[in-house]
Amino acid sequence: MLGDHVVNPPVVLAPMAGITNVAFRRLCREQGGGVYVCEMITTRALVERIPKTLKMIAFAEDEGFRSLQLYGVDPDVTAAAVRMIGEDGLADHVDLNFGCPVPKVTRRGGGSALPWRRRLFGRIVSQAVAAAKPFGIPLTIKMRKGIDDDHLTYVEAGLAAQEAGVAAVALHARTAEQRYSGKADWDAIATLKQALDVPVLGNGDIWEGSDALRMVAHTGVDGVVVGRGCLGRPWLFADLEAAFTQGGDYRPVLPALGEVAKIMSRHAELLVDALGDEKHGCADFRKHIAWYLKGFPVGGDLRRSLAMISSLAELDDLLGMLDPALPFPADALGQPRGRVNAPGKVSLPYGWLDSRDDESVPEGAETDESGG
Ligand SMILES: Cc1cc2nc3c(=O)[nH]c(=O)nc-3n(C[C@H](O)[C@H](O)[C@H](O)COP(=O)(O)O)c2cc1C
């Protein structure tokens, strides 16, 4: 449940900047039920009604439960953004991002650095919850375990968010220091679930429907949040739905290359539609190509040509050169895809770790950079 909205199956498409736009969400939504979160929006850009930002929050007419993620560091601006969402009817659910590990963000005290400042974190969340309440908008947070293993915040932050009245708490079970490396710590998700009464959503390293079932069994979470596993594989949401309805015996979708090519072509068309013209739509689609082809024996020249397409006709010509009968590569299953970068020391503002109760708003931490 998110507020009074039933989430069935208990699956959330993780917000991914540059990926989870209206086009990608449509492809995923067509596969299965769940909540499909929009790309992250910065609170300041929203309240200033920056045209590019307003375009990014486009939802399709048939998106029944419009879910939007906000990034903010200032309680007043965050509350103003939530109020605007309610007054203008922009979304049905708001999630706050406290997981971004990008150095440009943490260096200024934003994203995954912020929960360490517990009072400021508490104020942002409670003001956002209060602003959402009159509109009946459920407000959730998404966070990491903490800055690093010596500065874990997730249980304390989860309890504070619960106290503030959030509808659910999602945990990407890595520290900021880990970025996307190593394994997500599902034990931490179990610990959080034990500590809270509000629903807990687990996030990290769900590559298959079976991983979602394993995470639920291991942690007792109320739902799962799935990010990189669906890159180049929007049909993962069909597997997730099958896993939750049929249990471990579900049969995963294993499209042959011809089917994958059709989905690629459709994805590119939807992007052209969403971004307004062929040039931008095709340029945006290029980043998805390697994900769709992962594990298929497709030659380097063809891959390179595909990664440079500038029109839908060119894309379709090149896709026509693929062998449609090639079966889905079994060794691409259960494997990480997308970002898997190395850990790195977290850049923080001077003295950040010594000032947990400082409530001042970090300056310059509002940014378009994102991640989680
Ligand atoms: C390309 C990319 C962009 C991301 N952007 C965001 C974001 O804007 N907000 C956020 O909370 N998390 C963001 N994340 C993190 C994901 O939501 C998710 O927490 C993370 O990938 C771990 O889940 P996974 O193992 O299922 O991928 C991003 C991740 C990737 C790979």
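Excluded from the calculations below are hydrogen atoms, water molecules and symmetry mates; all remaining heavy atoms, backbone and side chain alike, are included.
Ring geometry, F285 versus H267: the interplanar angle exceeds 60°, so the pair is classed perpendicular (tilted spans 30 to 60°). In this structure, F65 and H93 have parallel ring planes: the angle between them is below the 30° cut-off, well short of the 60° mark.
For the residue pair T245 and E241, no side-chain donor N or O sits within less than 3.5 Å of a side-chain acceptor on the partner.
None of K287, R286, H280 except one satisfies the side-chain contact (heavy atoms from CB on, under 4.5 Å) rule with D284; the exception is K287. Paired with Q69 under the rule side-chain hydrogen bond (donor to acceptor under 3.5 Å, both in side chains), one option of D95, T140, T20 passes, and it is D95. No option in V22, I50, I41, L68 other than I41 meets the side-chain contact (heavy atoms from CB on, under 4.5 Å) test with M56. Partner D205 forms a side-chain hydrogen bond (donor to acceptor under 3.5 Å, both in side chains) with one of K183, R228, H172 and no other, that one being R228. When each of D150, D185, D187 is tested with K145 by the rule salt bridge (charged side-chain N to carboxylate O under 4.0 Å, His left out), just one qualifies, namely D185.
Between F296 and F328, the gap from one ring centroid to the other is short of 6.0 Å. Two rings, from F24 and Y36, have their centers 6.0 Å or more apart.
Both cation-pi conditions hold for R356 and W116: the charged atom is under 6.0 angstrom from the six-membered ring centre and inside a 45 degree cone around its axis.
Using a 4.0 Å cut-off between charged nitrogen and carboxylate oxygen, R117 and E359 do not count as a salt-bridge pair.
In this structure, M1 is not a member of the same hydrophobic cluster as F244, with clusters built from ILVMFWY side-chain heavy atoms closer than 4.5 Å. No single ILVMFWY cluster, assembled from side-chain heavy atoms under 4.5 Å apart, contains both L333 and W207.
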* To do: Just do the salt bridge (Lys or Arg N to Asp or Glu O under 4.0 Å) check on R66 and E63 with the steps written out, would you?
  => CA-CA 6 Å; R66 297 162 305 158; E63 275 186 88; over 6 Å; no
